[in-house]
Amino acid sequence: MAGRQGPVAVAVEAGYSGEAYLQRLAATWGVTMEERAKVDFPGRPAVWHRTGRRTADGSALSISATWTEGGDLELAGCTAAFSAPGAAEFLADCARLDYPGADPAASADWVRGMLPRLHSAFETAKGAAVDSPLRQSGPVALLLQENADPSPGGDNRTVYLIGTGRK
């Protein structure tokens, strides 16, 4: 099927919205979330998207999530500037997605253990973006990324939680 692109992510699980997870994460870290907005992409199904950001002392934390048009969570992510207080713990907390059958503590531990290795690779790459290996946990894959960013918030790390639809 030349030219056909599949979705980047699929629903974590039918009927799972992740709302309680996002509310807890935003409240814990003082991130102000915007209202969901519907996004229509040409040739692709519409999705719902929501973001939030906390900026303090020149450093930033952000949360984003994407749902299917029907309301099933398919992707969540958190970004923290290196300079943000508690950045590593924020990313570990973000990995605690509580989907059915999840092991949030193991996911958080994976992030904590991967961050030093990822940073070492980032330094070796002289600031080029680097990705961690993919970690599959039930219907969710986790990916860490480290990026150089010249904006005032500076270099950052992101954890992505991607619905794979596989258990």
Inset, instruction - Indicate yes or no for a side-chain donor-acceptor contact from Q23 to the backbone of L25 under 3.5 Å, with no hydrogens or angles considered. - result: no
Legend entry - ILVMFWY network linking V31 to V159, side-chain heavy atoms under 4.5 angstrom: yes
Legend entry - Residue pair L115 / A88: nearest heavy atoms and the distance that separates them: CD1-CB, 3.7 Å
Legend entry - Shortest non-hydrogen separation from V130 to A125 and the atoms involved: CG1-CB, 3.9 Å
Inset, instruction - Evaluate side chain to side chain contact (heavy atoms under 4.5 Å, CB included) for R117 paired with S132, printing each intermediate quantity in order. - result: CA-CA 8 Å; R117 296 181 358 185; S132 71; over 6 Å; no
Legend entry - Heavy-atom closest contact (S107 atom, A95 atom, distance): CB-O, 3.2 Å
Legend entry - Heavy-atom check, side chain of E74 versus side chain of W48, under 4.5 Å: no
Legend entry - Nearest-0.5 Å distance that lies between atom CG in L91 and atom OG1 in T158: 7.5 Å
Inset, instruction - Identify whether Y99 and L161 are in the same connected component of the hydrophobic contact network (ILVMFWY, side-chain heavy atoms under 4.5 Å). - result: yes
Legend entry - Inter-residue atom distance R50.CZ - R36.CZ, 0.5 Å rounding: 7.0 Å
Inset, instruction - Taking all heavy atoms of A81 and all of A87, pick out the closest pair and write down the distance. - result: O-CB, 3.6 Å
Inset, instruction - Run the salt-bridge test on E69 and K38 with the 4.0 Å N-O cut-off and return the result as yes or no. - result: yes
Legend entry - Any donor-acceptor pair under 3.5 Å from R54 side chain to W29 backbone: yes
Inset, instruction - May I ask whether V111 and Y21 are part of the same hydrophobic cluster, defined by side-chain heavy atoms of I, L, V, M, F, W, Y residues being less than 4.5 angstrom apart, directly or through others? - result: yes
Legend entry - Separation of E123 CD from L118 CG (nearest 0.5 Å): 10.5 Å
Legend entry - side chain to side chain contact (heavy atoms under 4.5 Å, CB included) involving K126 - partner list, sequence neighbours excluded: none
Legend entry - Any pair counted as disulfide (SG to SG under 2.5 Å), so long as it reaches residues 79-108, sequence neighbours left out: C78-C94
Inset, instruction - Nearest 0.5 Å please: distance from the CZ atom of R135 over to the CD1 atom of I162. - result: 13.0 Å
Inset, instruction - Look only at the side chain of T124 and the backbone of S120, and say whether a donor-acceptor pair between them is shorter than 3.5 Å. - result: yes
Legend entry - Sub-4.5 Å side-chain heavy-atom contact between T79 and N147: no
Inset, instruction - Can you measure from CG (L134) to CG (L144) and round to the nearest 0.5 angstrom? - result: 10.5 Å
Legend entry - R96 and R24: CA distance, side-chain angles, deciding distance, side chain to side chain contact (heavy atoms under 4.5 Å, CB included) verdict: CA-CA 11 Å; R96 292 177 166 275; R24 178 200 58 80; 4.0 Å; yes
For residues 61-68, which side-chain N or O atoms pair as donor and acceptor with protein atoms under 3.5 Å away, sequence neighbours left out?
unit_1	atom_1	unit_2	atom_2	d
T66	OG1	H49	ND1	3.0
W67	NE1	S17	O	2.7
T68	OG1	G70	N	3.4
T68	OG1	G71	N	3.3
T68	OG1	D72	N	3.0

Inset, instruction - Please round to the nearest 0.5 Å and tell me the distance separating atom CE of M114 and atom CG of D131. - result: 11.5 Å
Inset, instruction - Indicate the atoms forming the closest heavy-atom contact of T55 with A60, along with that distance. - result: OG1-CB, 4.2 Å
Legend entry - Any D155 side-chain heavy atom under 4.5 Å of F122 side chain: yes
